[in-house]
2 protein chains.
Amino acid sequence: MPLILQNITKHITLTPEEEQLFLSKIETHHFKAKSLLLNSGQVCKHSYFVNSGILRSFNINDNIVEHVLNFACEGWWIGDMYSLISQKPGNLFIEVLEDAEVAMLSKENQEQLYIEIPKLERFFRILTENSLVAYQERLMDNLSLSAEERFEKFCKKYPSLIQKVSQKQIASYIGVTPEFLSKMKSRLLRK
Amino acid sequence: MPLILQNITKHITLTPEEEQLFLSKIETHHFKAKSLLLNSGQVCKHSYFVNSGILRSFNINDNIVEHVLNFACEGWWIGDMYSLISQKPGNLFIEVLEDAEVAMLSKENQEQLYIEIPKLERFFRILTENSLVAYQERLMDNLSLSAEERFEKFCKKYPSLIQKVSQKQIASYIGVTPEFLSKMKSRLLRK
DNA sequence: TGATTTTCTTAATCTACATTAAGTGCCTTC
DNA sequence: GAAGGCACTTAATGTAGATTAAGAAAATCA
């Protein structure tokens, strides 16, 4: 069973016909590392589901500093929710960090599916709820934890990403400079 | 028409019968300033919709420092989404800042309504999407803006709250100490 | 394969914001 | 209407994390 259907059936049950209908609305593509699936200023037309590889979303502040909003690897969804909802130009980039196979669901097909398979409203509601809770926790962590605590939490939460993603990216995700993350790491090792 | 129905019909259309059904699932209560609708460690059983007055949600770090997650005034929803979804004890407090009338929708009634009025899946999906986008922006702001920029943005975004909520609360929301917010304010005034 | 770019490290210096402390005015509550 | 408690201000001092810089290691590329 395709990974994306496994993902959906975690929360709702589809009939074989519905599964086929869903799959027919999905386009799957391969992307090389460093390719951009979405550029800042573009309207986001798709939700992306990662079958393999790694993506990240980030923005760029004052044309200088990058800030990573999210990583997505196998089994994760990613997109620019603001732009996707409003169909206005967003300020996020979505980039491939490691060669990836990505299932793409267009906004139109998604809306169409809501009509043809109303249960999917429930699925995407639950997906969004879970995502919201994660952002909420991350926000509170940024308000209340030190950089070191945030780093330790990241390591526990995403042990596989630590192996795969450069320190620079992780620094950006937890909200410190790469220099400071490097310093923290050696401090933690010395313990 | 009750405020809560106005809120819902911004995104979906209900028949008069559905409106009545919805209202029958809602309990409305008055709360005095300083009362707690939810305590840390409790399971959150309701979504709260504010008809009048002001609420806030916050957590307490290491039994010392409060961090405001959200304010809610007239026409806003508030709750502990983590606890509400998982029905596990959360770490948020929900407190009344200004005497309030609150419409309460219990988790069970909400689930029941999803069955009886499937359109409500759509409504709460949209509500959750919008809330997610707001958290996402706030997170990025915390990663990339200075305290002063965050304060200015807050003033523009919630001009009415500036009047009604103490500086201490606003400082906590934007992630600085009350002393530093006070200093920033006088700095901005001098300009 | 070597050349070039990018990442990572270390260290010195700097700064935005926290902490501590003390004083003022206002709001609550008896 | 006194008294105690909060919210707010101001200022001195402290510090987590940024910035700058420069070299080493690793990855990319021709």
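Because the structure is predicted, anything quoted here is derived from the model rather than measured. In what follows, chains are A, B, ... by sequence order, proteins preceding strands, each numbered from 1.
Rounded to a whole Å, the NZ atom of A:Lys185 is 15 Å from the P atom of D:dA25. Between the C1' atom of D:dC29 and the NZ atom of A:Lys32 lies a distance of 15 Å, rounded to the nearest Å. Whole-Å rounding puts the A:Asp99 CG to D:dT28 P distance at 10 Å. Remark: C1' of C:dC8 and CG of A:Leu181 are 10 Å apart, rounded to the nearest angstrom. When the P atom of C:dA16 is taken as reference, atom CZ of B:Arg187 falls 8 Å away, rounded to whole Å. One can place CE of B:Met184 at 14 Å from C1' of D:dC8, the figure rounded to the nearest angstrom. As rounded to whole Å, 15 Å separates atom P of D:dA27 from atom NZ of A:Lys168. Put simply, CD on A:Gln167 is 9 Å from C1' on C:dT7, counting in whole angstrom units.
Contact between the side-chain N/O atoms of A:Thr177 and the OP1/OP2 oxygens of D:dG17 is not found at any separation under 4.0 Å. For A:Gln169, no side-chain nitrogen or oxygen approaches OP1 or OP2 of C:dT7 to under 4.0 Å. Phosphate contact (OP1/OP2 of C:dT10, side-chain N/O of A:Ser186, threshold under 4.0 Å): present.
Residues B:Glu116 and B:Gln112 have side chains that bring a donor and an acceptor to within less than 3.5 angstrom of each other. For the residue pair B:Asn130/B:Tyr135, the side-chain donor-acceptor check at 3.5 Å is not satisfied.
Within 4.0 Å (heavy atoms only), B:Ser166 reaches sugar-phosphate atoms of the nucleic acid but no base atom.
Ring geometry for B:Phe58 against B:Phe93 counts as parallel: the plane angle stays under 30°, on a 0 to 90° scale with 60° as the upper cut.
The aromatic ring centres of A:Phe154 and A:Tyr173 sit less than 6.0 Å apart.
A residue-by-residue look at B:Lys34 and B:Leu145 shows that B:Leu145 has its nearest nucleotide of DNA chain C further toward the 5' end. Residue whose closest nucleotide on DNA chain D sits further toward the 5' end, between A:Glu179 and A:Ser146: A:Ser146.
Looking only at distances, a side-chain donor or acceptor of B:Asp80 sits under 3.5 Å from a matching main-chain atom of B:Ser83.
Of the candidates D:dA18, C:dC17, C:dT7, the closest approach to any side-chain atom of A:Phe180 belongs to D:dA18.
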